[in-house]
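Each chain gets a letter, A, B and so on, in the order its sequence line appears, and its residues count up from 1.
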Number of protein chains: 2
Amino acid sequence: MDKFDNKILHELKNDGRISNVELAQAIGLSPSATLRRVQDLEKKKVIQGYRAVFDKEQLGIGFVAYVSIGLNSHTKQAQLDFEEHVRFEKEVVECHNITGANEYLLRVESASLAAYKRFHSDVLGECERVKSISTMVVMDSPKDER
Amino acid sequence: MDKFDNKILHELKNDGRISNVELAQAIGLSPSATLRRVQDLEKKKVIQGYRAVFDKEQLGIGFVAYVSIGLNSHTKQAQLDFEEHVRFEKEVVECHNITGANEYLLRVESASLAAYKRFHSDVLGECERVKSISTMVVMDSPKDER
DNA sequence: GGTGAAACGTAGGCCGT
DNA sequence: ACGGCCTACGTTTCACC
């Protein structure tokens with residue numbers, strides 16, 4: 001992990017589809033050496049993959065919220081039950097197990113407030129393990145580098 | 001935005017570097033038609049870009065937390081001051097303006113707990129607008145599709 | 001790490017529906 | 001307006017230095 005590798009990661013973060021020749025001249029190495037490094041980083045799983053990023057509004061995602069969830073039991077089984085409950089809900093984009101007053105923090109992306117209400121009642125409200133739900137609606141994201 | 005476009009987006013979310021010919025056969029169209037659609041989606045900014053995703057642990061990110069921030073003033077100026085304060089902090093990966101008891105939710109990625117402590121004291125503690133700080137340490141992320 | 005050449009993919013014009 | 005075919009061009013990839 002020398003400065004060339006760091007440059008590679010920097011470039012690939014900005015543009016995951018940059019061509020190998022462009023990448024090579026951006027970091028100051030030949031295309032073949034660059035390719036070997038990239039392949040090596042992929043093999044070592046430093047680079048886990050590549051993803052396209054989309055405009056949520058144009059895809060009909062008009063409502064984003066972080067939802068803090070408290071469970072009624074602190075057992076491992078309760079956690080597994082809850083995780084299973086949200087795993088296949090496509091509106092749940094992230095699920096984090098956190099420290100603090102509540103056990104979980106979700107990022108939920110819905111089409112609208114109405115759609116979120118449905119999610120709130122039908123998914124979260126129907127999970128027996130859920131004790132408390134606290135919704136933080138995202139009004140703006142002045143920084144989002146993920 | 002028909003079913004072909006949706007398939008394209010689905011494939012590019014899974015693998016942003018899939019080749020056009022592979023993408024074409026995955027969605028059941030010819031390469032040229034596929035390419036035109038992809039270029040069109042890029043032009044319309046439905047596809048905003050492509051990014052490589054990395055293994056944070058291998059890059060020395062051993063500590064991730066969501067931090068809820070309350071300000072001591074609800075004015076627009078206070079918000080702008082705070083946003084400016086975190087904009088150039090590279091440990092702050094996300095900054096969301098939210099509804100609820102506190103105004104902001106940050107995602108912070110640090111090398112270690114010690115590094116986070118430094119961030120907590122030197123960055124957040126030194127911002128005069130900040131009234132309350134509540135840290136939720138991420139212990140696990142059973143789902144993270146971003 | 002660099003060079004070169006073969007294999008492969010891209011990108012755009014053209015035609016048919 | 002949209003998909004398929006064809007082809008020149010560029011890029012990737014690998015054996016070799």
Side-chain angles (χ1 to χ4, degrees), chain A residues 1-62 90 93 109-112 115 144-146, chain B residues 1-62 90 93 111 144-146:
Chain A
M1 285 294 297
D2 58 6
K3 65 166 184 170
F4 290 115
D5 285 323
N6 282 321
K7 277 188 179 179
I8 286 174
L9 296 182
H10 182 255
E11 295 297 326
L12 287 178
K13 193 180 196 81
N14 285 337
D15 180 6
R17 268 200 127 162
I18 187 174
S19 81
N20 189 56
V21 293
E22 270 186 287
L23 180 60
Q25 67 187 75
I27 69 168
L29 243 51
S30 74
S32 61
T34 306
L35 184 63
R36 274 194 294 264
R37 281 171 177 270
V38 171
Q39 289 175 334
D40 209 46
L41 290 167
E42 288 169 349
K43 193 170 297 174
K44 289 191 299 188
K45 299 288 181 196
V46 176
I47 298 173
Q48 295 181 316
Y50 302 88
R51 283 189 182 171
V53 305
F54 307 129
D55 182 337
K56 293 185 190 313
E57 293 205 7
Q58 287 197 56
L59 293 179
I61 303 294
K90 79 183 233 302
V93 179
E109 298 181 351
S110 298
S112 62
D144 191 345
E145 295 188 339
R146 286 237 287 173
Chain B
M1 284 294 296
D2 57 8
K3 66 167 183 169
F4 290 115
D5 285 323
N6 283 321
K7 278 188 179 180
I8 287 173
L9 297 182
H10 181 255
E11 294 297 325
L12 288 178
K13 192 179 196 82
N14 284 337
D15 180 7
R17 268 198 128 161
I18 188 173
S19 81
N20 188 57
V21 293
E22 270 186 288
L23 179 60
Q25 67 187 75
I27 69 169
L29 241 53
S30 74
S32 59
T34 305
L35 183 63
R36 273 194 294 265
R37 279 171 179 270
V38 171
Q39 290 175 334
D40 209 46
L41 288 167
E42 288 170 348
K43 192 170 296 174
K44 289 192 297 189
K45 300 288 181 195
V46 175
I47 298 172
Q48 294 182 316
Y50 302 87
R51 284 189 183 171
V53 306
F54 308 129
D55 182 338
K56 292 185 192 315
E57 292 204 7
Q58 287 197 56
L59 293 179
I61 302 294
K90 79 183 230 301
V93 178
D144 192 345
E145 296 188 338
R146 288 237 286 174

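- When all heavy atoms are compared, the tightest approach of Q48(A) to F54(B) is OE1-O, 3.2 Å.
- Spacing between atom CD of Q39(A) and atom C1' of dT13(D) amounts to 7 Å, rounded to whole angstrom units.
- The backbone N or O of Y50(A) sits nowhere less than 3.5 Å from a side-chain atom of R17(A) that would complete a donor-acceptor pair.
- At dG3(D), one or more side-chain N or O atoms of R37(B) fall inside 4.0 Å of OP1 or OP2 (strictly under the cut-off).
- Between F4(B) atom CZ and dA1(D) atom C1' the separation is 15 Å, expressed in whole Å.
- Interface residues of residues 11-36 of chain A facing DNA chain C, ordered by number: L29(A), S30(A), S32(A), A33(A), R36(A); criterion, heavy-atom separation under 4.0 Å.
- Counting heavy atoms from C-beta on, the side chains of L23(B) and R37(B) never come closer than 4.5 Å.
- Residues L29(B) and R36(B) are not in side-chain contact: their nearest non-hydrogen atoms beyond the backbone lie 4.5 Å or more apart.
- Reading DNA chain C from its 5' end, the first and the last nucleotide to sit under 4.0 Å from a heavy atom of chain A are dG1(C) to dT3(C).
- Between the CD1 atom in I8(B) and the CD atom in E11(B) there is a gap of 9.5 Å [rounded to 0.5 Å].
- Considering all non-hydrogen atoms of both residues, R51(A) and D144(B) come closest at NH1-O, 4.3 Å.
- The environment of K44(A) atom NZ is dense: over 12 non-hydrogen atoms of other residues, nucleotides or ligands sit within 6.0 angstrom.
- No side-chain heavy atom of H10(B) sits less than 4.5 Å from a side-chain heavy atom of N6(B).
- In this structure, the helix from dG1(C)-dC17(D) to dT17(C)-dA1(D) shows an angle of 30° between the axis at its start and the axis at its end, each fitted on 5 base pairs and rounded to 10°.
- M1(B) is listed as a side-chain neighbour of L9(B), based on a closest heavy-atom distance under 4.5 Å.
- The side-chain heavy atoms of Q25(A) and T34(A), taken from C-beta on, include no pair separated by under 4.5 Å.
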